[in-house]
Colleague: 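Below is one structure. I have some questions about it.
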Amino acid sequence: MCGRYTLYSDKKTIEKTFKAPFRDDFYQPRYNIAPGSVNPVVLMGKAREVGIAGLRWGLVPSWADDENVGYKMINARSETIDKKPSFSKPFQRKRCIIPANGFYEWKTLTSGKKLPFYIRLLDDELLGFAGLFDHWKPPSGEDLFTYTIITTEANALLLPDRPDVDHARIRQCEQGRE
DNA sequence: CCAGACGTTGTT
DNA sequence: GTCTGG
DNA sequence: CCAGACGTTGTT
DNA sequence: GTCTGG
């Protein structure tokens with residue numbers, strides 16, 4: 001899954017990579033993007049033009065009566081995305097791309113401690129997560145746009161027990177020496 | 001995802 | 001232990 | 001039918 | 001709004 005990521009390429013590089021302009025001047029590079037924060041998302045606007053807008057991570061379905069449900073909607077499983085009430089509608093007409101330079105995964109050690117891994121392309125080039133977004137109208141105040149990142153089963157490159165990972169370092173962590 | 005809080009009344 | 005905020 | 005949930009991961 | 005469980 002994906003619970004944290006980074007985005008630090010400069011604005012022009014992001015626009016060029018995704019062939020879309022920022023709609024507002026809100027961008028700033030970030031190395032620790034957490035759920036609940038507002039981040040760049042590539043999507044189609046009403047004018048049917050591709051653009052990059054700031055949306056909040058954690059999809060709040062249009063029918064929700066509490067925006068806090070978004071905190072548990074940070075990921076959507078691709079295998080069931082068209083069957084879940086929270087995602088089926090957005091899946092039809094509200095798809096988007098989330099620019100990132102890398103993301104974090106945590107391995108739970110036998111000690112219970114969690115060891116973070118940072119995953120990126122070798123050249124640190126931009127990557128795009130597949131995502132969904134939605135539009136929520138609060139009882140009062142401004143409309144809220146939110147998004148979720150689509151996940152899928154780990155491929156061979158990311159399986160947790162690859163023989164070429166640094167087991168020595170992991171053992172050190174398990175023994176609390178790191 | 002992780003880190004940190006987790007409660008109320010009433011007074012300043 | 002579980003929820004909230006970031 | 002109505003009422004209540006609406007999510008994921010990983011661990012037991 | 002739509003699906004699931006009872």
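Order of the sequence lines sets the chain letters (A, B, ...), proteins ahead of strands, with each chain counted from 1. These numbers come from the heavy atoms of this one structure, side chains and all, not from hydrogens, waters or symmetry mates.
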Colleague: Under a 3.5 Å distance rule, please check whether A:Thr148 uses its side chain to pair with a backbone N or O of A:Gly58 as donor and acceptor.
Modeller: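 Answer holds: no.
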Colleague: Applying a 4.0 Å non-hydrogen cut-off, can you work out what A:Ala76 is touching in the nucleic acid: base, sugar-phosphate, or nothing?
Modeller: sugar-phosphate
Colleague: Grab the OH-C1' distance between A:Tyr5 and B:dC1 for me, whole Å please.
Modeller: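 It works out to 12 Å between those atoms.
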Colleague: Specify the separation, in whole Å, of atom CG of A:Leu59 and atom C1' of D:dT8.
Modeller: 14 Å
Colleague: Any protein N or O atoms within reach of nucleotides 2-4 of chain B? Criterion: under 3.5 Å, listing atom names and distances.
Modeller:
from: B:dC2; atom 1: OP1; to: A:Lys114; atom 2: NZ; distance (Å): 3.4
from: B:dC2; atom 1: OP2; to: A:Lys114; atom 2: NZ; distance (Å): 3.1

Colleague: Side chains of A:Ser9 and A:Asn101: is there a donor and an acceptor less than 3.5 Å apart?
Modeller: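 Short answer, yes.
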Colleague: C1' atom, D:dG7 versus C:dC3: distance in rounded Å?
Modeller: 15 Å
Colleague: State the CD1-CG distance between A:Ile97 and A:Leu126, to the nearest 0.5 angstrom.
Modeller: 11.5 Å
Colleague: Determine the contact category for A:Phe87: base if any of its heavy atoms lies under 4.0 Å from a base atom, sugar-phosphate if only primed atoms, P, OP1 or OP2 are that close, otherwise nothing.
Modeller: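 The residue A:Phe87 makes sugar-phosphate contact but no base contact.
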Colleague: May I ask you to decide whether A:Lys11 forms a salt bridge with A:Asp25, counting only side-chain N to carboxylate O separations under 4.0 Å?
Modeller: yes
Colleague: Evaluate the ring planes of A:Tyr147 and A:Trp57, with Trp represented by its six-membered ring, and classify them as parallel (under 30°), tilted (30 to 60°) or perpendicular (over 60°).
Modeller: parallel
Colleague: Which whole number of Å gives the distance between the C1' atom of D:dG10 and that of B:dC2?
Modeller: 16 Å
Colleague: Can you tell me, in whole Å, how much space there is between the P of B:dA3 and that of D:dT8?
Modeller: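 Nearest-Å result for B:dA3 against D:dT8 at atom P: 24 Å.
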Colleague: So, do A:Tyr104 and A:Tyr5 have ring centers that fall under 6.0 Å from each other?
Modeller: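 That pair fails the under 6.0 Å test.
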Colleague: Nucleotide by nucleotide, 5' to 3', does protein get under 4.0 Å of the base (B), only the sugar-phosphate (S), or neither (-) in nucleotides 1-6 of chain E, counting heavy atoms?
Modeller: BSS---
Colleague: Looking at A:Phe117, I'd like to know if the NZ or CZ of A:Lys107 sits under 6.0 Å from its six-membered ring centre while staying within 45 degrees of the ring's axis.
Modeller: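 The answer is no, since A:Lys107 fails at least one limit relative to A:Phe117.
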Colleague: How far, in whole Å, is D:dT9 from B:dC1 if one measures between their C1' atoms?
Modeller: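 Result for the C1' pair: 10 Å, nearest Å.
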Colleague: Does some side-chain heavy atom of A:Leu144 sit less than 4.5 Å from a side-chain heavy atom of A:Val60?
Modeller: yes
Colleague: Tell me the interatomic distance from A:Ile149, atom CD1, to D:dT9, atom P, rounded to whole angstroms.
Modeller: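 In whole Å, D:dT9 P lies 12 Å from A:Ile149 CD1.
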Colleague: Should stems be defined as at least three consecutive Watson-Crick or G-U pairs with both distances under 3.5 angstrom, which of them involve DNA chain D?
Modeller: D:1-6 with E:1-6
Colleague: Would A:Arg120 and A:Tyr118 count as a cation-pi pair here, with the cationic atom under 6.0 angstrom from the ring centre and within 45° of the axis?
Modeller: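 Output no; distance or angle outside limits.
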